[in-house]
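Please read the structure below before turning to the comments.
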Amino acid sequence: MKTKFYFIASLFLFIFFILFTILVICVDVQPIGPNFSSVGLATINGFFRDSVGYNPIWYKITELIGFSAIFTVLGFASFGLFQLVERKSLLKVDSDIYILGGLYLLVAAVYYFFEINIINYRPVIINGEPEASFPSSHVMLICTIMGSAIMQFINRTKNKKLLFSAVTIYSVIIAITGIGRLLSGVHWFSDIIGSLILSGSLLMLYNSCILFFRRKKSV
């Protein structure tokens with residue numbers, strides 16, 4: 001039942017993300033972006049842009065926090081490699097590590113898709129050229145990678161103090177990234193919301209796959 005629930009939740013969130021993306025593309029589209037580029041949900045997006053402005057300090061903070069995602073990915077990759085060397089068989093590496101690797105590949109594919117199929121551009125030009133903005137890849141990466149790391153620690157860690165510390169640290173990183181990215185002014189409000197919805201869908205799918213293979217293994 002849990003597997004089915006998480007899968008349905010993932011599907012529901014993904015459909016919600018598609019509908020939200022359609023809103024961003026079609027509703028209240030106005031040329032409020034850099035070089036008069038068109039942006040959907042322009043009224044609310046413009047309000048947040050004008051209220052926040054551009055904050056390079058928050059931008060740099062969130063960029064630095066992004067490296068924690070790289071270290072997390074490398075950490076779990078090293079853990080999987082350790083299992084492979086110790087157990088001397090690809091089949092004996094824990095299934096949830098393979099699923100985690102699949103999640104990372106899926107996140108990379110989503111990132112590439114929206115870099116090629118641009119929905120809108122950033123509210124500000126940072127590196128001399130307009131950059132893809134929807135959904136916030138930074139928020140999506142942090143939420144998905146740190147969220148899946150929390151699930152890994154919950155499933156593997158028996159030490160309550162270590163578990164509490166890990167969950168707290170990863171949760172704070174997610175919160176600071178989401179809030180900081182919005183306050184930095186380098187994303188529209190809809191970019192942040194879209195990335196949170198998509199991240200939730202990916203995490204629910206990840207969890208449903210873990211539960212499915214765990215149940216299959218126990219049968």
Side-chain angles (χ1 to χ4, degrees), residues 3-29 33 38-42 44-45 48-49 59 62-63 65-66 68-70 72-73 76 96 99-123 130-152 170-212:
T3 304
K4 186 176 181 180
F5 170 79
Y6 284 117
F7 179 76
I8 292 175
S10 173
L11 182 60
F12 173 80
L13 286 171
F14 184 66
I15 293 173
F16 186 32
F17 172 73
I18 292 175
L19 294 175
F20 185 77
T21 303
I22 293 173
L23 287 177
V24 173
I25 295 173
C26 300
V27 176
D28 191 19
V29 179
S38 297
V39 177
L41 302 180
I44 187 171
N45 278 325
F48 273 92
R49 188 233 6 226
Y59 176 70
T62 53
E63 286 291 293
I65 290 177
S68 63
I70 298 175
T72 300
V73 170
F76 282 110
D96 61 332
I99 297 171
L100 187 62
L103 176 67
Y104 292 159
L105 291 176
L106 183 57
V107 169
V110 171
Y111 170 81
Y112 180 76
F113 176 84
F114 283 105
E115 285 293 310
I116 299 300
N117 300 279
I118 298 175
I119 304 299
N120 58 34
Y121 292 98
R122 293 185 187 275
E131 298 177 348
S133 186
F134 180 91
S136 169
S137 57
H138 207 87
V139 173
M140 180 189 66
L141 288 169
I142 290 293
C143 286
T144 307
I145 291 173
M146 299 310 182
S148 58
I150 289 175
M151 294 180 188
Q152 281 287 330
Y170 285 129
S171 298
V172 169
I173 289 174
I174 291 172
I176 291 177
T177 300
I179 296 172
R181 212 62 179 171
L182 181 60
L183 294 179
S184 69
V186 299
H187 280 289
W188 303 102
F189 179 72
S190 59
D191 300 339
I192 306 299
I193 299 301
S195 63
L196 292 176
I197 298 170
L198 182 56
S199 298
S201 175
L202 293 172
L203 287 173
M204 290 300 100
L205 178 61
Y206 167 71
N207 204 30
S208 66
C209 290
I210 287 180
L211 292 174
F212 174 79

Kindly check if the number of other-residue, nucleotide or ligand heavy atoms within 6.0 Å of OH (Tyr170) is above 12?
yes

Inter-residue atom distance Ile197.CD1 - Phe16.CZ, 0.5 Å rounding
4.0 Å

The reported gap from CD1 in Ile44 to OG in Ser190 (rounded to nearest 0.5 angstrom) is 8.5 Å

Smallest heavy-atom separation, Ala132 atom then Arg122 atom, equals O-CG, 4.1 Å

Member of Ser136, Ser137, Ser133 meeting the side chain to side chain donor-acceptor pair (under 3.5 Å) criterion with Asp191
Ser133

Could you go through Met146 and Ser68, starting from their C-alpha distance and side-chain angles, then the distance that decides it, and tell me whether this counts as side chain to side chain contact (heavy atoms under 4.5 Å, CB included)?
CA-CA 9 Å; Met146 299 310 182; Ser68 63; 3.1 Å; yes

Working to the nearest 0.5 angstrom, can you tell me the gap between His187 NE2 and Glu131 CD?
9.0 Å

Minimum-distance pair of heavy atoms, taken over all atoms of Ser38 and Asn120
O-CB, 4.2 Å

Do Leu106 and Leu202 make a side-chain contact, defined as non-hydrogen atoms from C-beta onward lying under 4.5 Å apart?
yes

Start with the C-alpha distance between Ile176 and Ile65, add both sets of side-chain angles, then the distance that settles side chain to side chain contact (heavy atoms under 4.5 Å, CB included), and finish with yes or no.
CA-CA 9 Å; Ile176 291 177; Ile65 290 177; 3.4 Å; yes

Nearest 0.5 angstrom please: Ser208 OG to Phe5 CZ, how far?
11.0 Å

Do Ile15 and Leu19 pass the side chain to side chain contact (heavy atoms under 4.5 Å, CB included) test, and can you show the C-alpha distance, the side-chain angles, and the key distance before you say yes or no?
CA-CA 6 Å; Ile15 293 173; Leu19 294 175; 4.2 Å; yes

So with a 6.0 Å cut-off around CZ of Phe76, is the heavy-atom count from everything else above 12?
yes

Can you name the nearest heavy-atom pair linking Ile142 to Ala69, along with the distance?
CD1-CB, 3.8 Å

Just checking Phe20: does its CZ atom have more than 12 heavy atoms from other residues, nucleotides or ligands closer to it than 6.0 angstrom?
yes

Thr177 and Cys143, any side-chain heavy atoms less than 4.5 Å apart:
no

One should read off an interatomic distance between Thr62 OG1 and Ile173 CD1, to the nearest 0.5 angstrom, of 12.5 Å

Distance-minimising heavy-atom pair for Leu205 and Ser10:
CB-OG, 3.3 Å

Between Ser148 and Leu103, the two heavy atoms sitting closest are CB-CD2, 3.6 Å

Rounded to the nearest 0.5 Å, the CZ atom of Phe189 sits from the CG atom of Leu182 at a distance of 7.0 Å

Over all atoms of both residues, closest heavy-atom pair of Leu203 and Met151
O-CE, 3.8 Å

Measure the acute angle between the ring planes of Phe134 and Phe17, then classify it against the limits of 30° and 60° as parallel, tilted or perpendicular.
parallel

